[in-house]
Every structure is written in C-alpha cells, then in structure tokens.
Protein chains: 2
Amino acid sequence: MSKLGDDLYRAMRHDIVFGRLDANSKIRLSHLKETYGASIPTLREILNRLVSEGFVVAEGKRGHIVAPISKEGLKDIADLRILLECYALRLSLAKGNTDWEAHVISAHYKLSQMEKRMQSGDDSAREAWKQYDWEFHQALISACGSIELLQVHGIVFDKYLRYQMRLLTFRGDVASAEHKALLDAALNRDADTAESVLRTHINGGVAHSFQVFAK
Amino acid sequence: MSKLGDDLYRAMRHDIVFGRLDANSKIRLSHLKETYGASIPTLREILNRLVSEGFVVAEGKRGHIVAPISKEGLKDIADLRILLECYALRLSLAKGNTDWEAHVISAHYKLSQMEKRMQSGDDSAREAWKQYDWEFHQALISACGSIELLQVHGIVFDKYLRYQMRLLTFRGDVASAEHKALLDAALNRDADTAESVLRTHINGGVAHSFQVFAK
DNA sequence: TAATGTAAAATAATCGATTAATGTCAAGCC
DNA sequence: GGCTTGACATTAATCGATTATTTTACATTA
C-alpha cells in the first residue's frame, strides 16, 4: 500500500465517518473519481478495504453503497464498543505508565477546552470536538497492550462516531463531567469506577441519539 | 464485489488460514497470478481486503507479506477470542430458539464424529476437523443477535484457527469432553458453565500450542 | 577484501481500455 | 392501462499496459 492509497483510504473513511459520503447512498465510481482525483481501479482497491471493515457494503455486480445506519445498528455497535473499550480500559489502567498518564491528561485537556467551546454555544467545530473525543478515548486504552484489540476497537469506534456525527448534538455538562470522571478514575487506577463511568457515558450518548433518531 | 472477486477472496483467506500461504512470506503478485488465475489488479483488490482484516500486512511500496505469527500474537488473538466468544455465547444462550438448538446439536454431532477419527489416529483430515470445530463454535454463538459481533468474531476466530493449523495436534479426550460440556451447558442454557468451559477450552488449546511453539 | 555507486532487471502501483452486467426507456401485446 | 420484451445507455468488473519504485548484479574505489 502506497502513500496515494493510504491517503485515499484515510480520506474516504473520514468522509464516511463524518457524513460527507451519506449513509445508504450509492457509490458512483465516476463521482469518486472527480472527488478524490484517482482512477477507478485505484478507488476500487480502497473500496475493498472499506468493505472488509464494514463502512461500505458491496452489492454483488451492482457496485457499492455506503453502509446504512439504523437504530438497531447503533445499539449493536454501541454494545460492541462497550464490550471492547471496557476490557481495554481495564487492561490499560493495569499497565499504563507515567507516559500514558501524561498522554491521557493531555488528551483530556484538549477535549475539555473544546467542550467549553461547545458549552458556550460554539457549534462550528463539531468535527474537531469529536476528533478530540476520539483522541481522549484512544489515549485511555492505549496502554492495553493488545494490538488486535486496538485494531478492532478503532473500527468499532469509528462506526460509533459515524452515528454521533449524524445524530448527536452536544450533551452538555453531563458529558464533560463523565470525561472528567473517566480521567480521575484512570489516574487513580480505579478500574471499577472507570468501567462504570464509561458504560454510563456510552449508554447516555446512545439514549440521547435515540431521542433524535427520527428515521 | 463479484463472484470472481468473492471466490478469490475466500480462496486466499482459506489458504492463509490453513497455511498454504506461509506466515511472514513475501507475497509475489506474479506467483499469485499463476496460483489463482486472475490478473494482478484483481488480486490487489483482494489483498486490500485481507490487509484490512489483518491476514496480510502491506509494506508500503514493497508489496505485501502474509501476516507473521508469534507467541505474543497467539496470546493476543486468544484473549480477544475469549472476550468476544464468551460474550456472544451468553447472548446466544439467552436468545437461542429450537432451530438454534438443532443447529448446535447437528454441528456437535459432526465434530464428535471427526474427533473419533482423530482419536483413532486418523490424522489425514485435520483441515476438515478444524472446519467442523469452526462450525460448532459458530453454531453456539449464532443466536447472539449482533451482526457486528459475529463479523468481528469471524475474523478473530480465523486468525486463531491459523495458529491452530500451524501448531496444533489433536489434544485428545480433553478437547472432546470440553465440546460435549459446551453442548450440554448450551442446551441447558447454563451461561456460567458454558463460559467457564469455553475459557478452559481456549486456554487449553493455547497452552498446548505453546508447548509446540518452537520458534 | 570490503564498501560504495551505478545500471539493469524485477516488481509493485496506477491507469486507461475492454468486456460484462445492470438499468432505463420505448414499443408491442394482452 | 398494465405487463413484457428488446434495444440502447450507463455503470461496474477485470485486464493489459504504463509508470514508478525497489532489488540485484556488477564495477570501481579505498
């Protein structure tokens, strides 16, 4: 895989997660060619990767669609995220060193600054806000020591994030407080509290999303 | 994705799992072309899928290798398999209906017949044996109700299976007894026992493999 | 003899062309 | 008017060709 292929892959996956490629929409290779500036067989290579990860659905000889979203799909992904991330969090808390702590604090700081902006009504940077959310959660589990687990979690998290970008508005103080509680529990190596807060945090996001899930 | 693409993908993934494409070996597109009878760009499409799943590693502009194996890798995959499969098993036991029970019994019957053959010293059908092993475990979790979970588990199971095909010989009565215990616990909807047996079963396989892991 | 540089060969990545399949629309039949 | 069939257009899938990169072999130099 080359730089062009990697750049393409990242851009397309990003565009799916952040909604620029709309859920359930038909993927037209000629449109992709214009949007991403690569030839059709090269784009097909990338589509294959995204199919394997579940961001794109191949429809036999009729091309591809962006993976659909649904309430059931959100619940399914959220449950899997909870399973994986709680497990990874426990491992991380048990294994994380000082570098990890610094990494977690730094990521939380950036997230909390962004949350202050959202709190003040500045909705212009939703994408950056979710990016920092992502970074914080990745930081928390980064010391778990399992390459396979982090790989699977990364995909599941992005699928979850896709729903959030589609559905979610800022939940307010609740979410910020949960992030802070996660930080504290992590630094205190309190695995039970961390897991409990994380479950509450994710389930809270899902419940909030269900309220706006008008499909 | 077309029939040719799907056939290719299945064949290559199968060949990686069952060792025909050797771990850590350089993947030569010209060799693949001869082996699988498709053109290089088509093969590249399939390689992209396998990269996303972790069966193949892309090395930038230097092509691809079959994913390496290691003791740490086996432990990593086994732990993830345990996490996913125990969770899926619990869900399946809670949700499975009569059709599911019939499916599980049928799969166990086929596996136990094969294990009798292995028991008698017939080592000629290791591949079919592991195929039935796969079928039994898939049957057990098939009623879990989570598409995403089954998808992820399928990949993880195949990665685990790859180690087994490489390392494992028949463990004897112990494995057969564990499969029977799993069947009984499942039909009795005894989730705690089922999970406990499954953990023992997988960890037993790992320990057995470590004994022969001479790398 | 070992290290370095260069050219050629081999291989990988990307693209345009060709073939195959699907979708759309119009005409004919009931 | 509704349904079916056929023709044509569009799109997708696959392949061969081209370009780019890496590897290998050989010559030169220290």
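Throughout, protein chains are lettered first and strands after them, A, B, ... in sequence-line order, and every chain is numbered starting at 1. Values reported hereafter were calculated over all heavy atoms of this structure, with side chains retained and with hydrogens, waters and symmetry mates removed. Keep in mind it's a predicted model, so treat the numbers as computed, not measured.
Among residues at least two apart or in separate chains, salt bridge (Lys or Arg N to Asp or Glu O under 4.0 Å) pairs with a member in residues 93-106 of chain B are Glu101(B)-Arg189(B). Residue pairs meeting the salt bridge (Lys or Arg N to Asp or Glu O under 4.0 Å) criterion with at least one member in residues 197-210 of chain B, sequence neighbours excluded, are Glu195(B)-Arg199(B).
Rounded to an integer number of Å, the gap from Tyr36(B) OH to dC15(D) P is 16 Å. Across the protein-nucleic acid pair, Leu43(B) atom CG and dA13(D) atom P stand 16 Å apart, rounded to whole Å. Note: CG (Leu4(B)) to P (dA12(D)) measures 18 Å, nearest angstrom. We find that CG of Leu47(B) is positioned 12 Å from C1' of dA13(C), with the value rounded to whole Å. Atoms CD (Glu45(A)) and P (dA12(D)) sit 17 Å apart, rounded to a whole Å. Remark: P of dT14(D) and CG of Asn48(A) are 9 Å apart, rounded to the nearest angstrom. As a whole-Å value, the separation of Asp7(A) CG from dA13(C) C1' is 14 Å. In this entry the distance linking CZ of Arg44(A) with C1' of dT14(D) reads 8 Å, nearest Å.
Checked against dT23(D), dT14(C), dT22(C), the side chain of Arg62(A) finds its nearest nucleotide in dT22(C). Considering only the side chain of Arg28(A), dA12(D) comes nearest among dC15(D), dT14(C), dA12(D). Listed candidates were dT14(D), dA13(C), dA12(D). Nearest to the side chain of Leu29(A) is dA12(D).
Contacts of His137(B) classified as ring-ring contact (aromatic ring centres under 6.0 Å, His included), with partners at least two apart in sequence or in another chain: Phe157(B), His179(B), His201(B). Partners of Glu72(B) under the salt bridge (Lys or Arg N to Asp or Glu O under 4.0 Å) rule, at least two apart in sequence or in another chain, do not exist in this structure.
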Which pairs would a plain distance check flag for residues 21-33 of chain A, meaning a side-chain donor or acceptor within less than 3.5 Å of a matching protein atom at least two apart in sequence or in another chain?
from     : atom 1 : to       : atom 2 : distance (Å)
Ser25(A) : OG     : Asp22(A) : O      : 2.5
Lys26(A) : NZ     : Arg62(A) : O      : 2.0

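With respect to Lys159(A) and Glu148(B), a salt bridge is recorded, a charged nitrogen being found less than 4.0 Å from a carboxylate O. Salt bridge annotation for Lys75(B)-Asp79(B): present, with a cationic side-chain nitrogen under 4.0 angstrom from a carboxylate oxygen.
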What N/O pairs connect the protein and nucleotides 16-21 of chain D at under 3.5 Å? Give each pair on its own line.
none

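Residue contacts for Ile27(B): at a heavy-atom cut-off of 4.0 Å it reaches the sugar-phosphate backbone alone, with no base atom in range.
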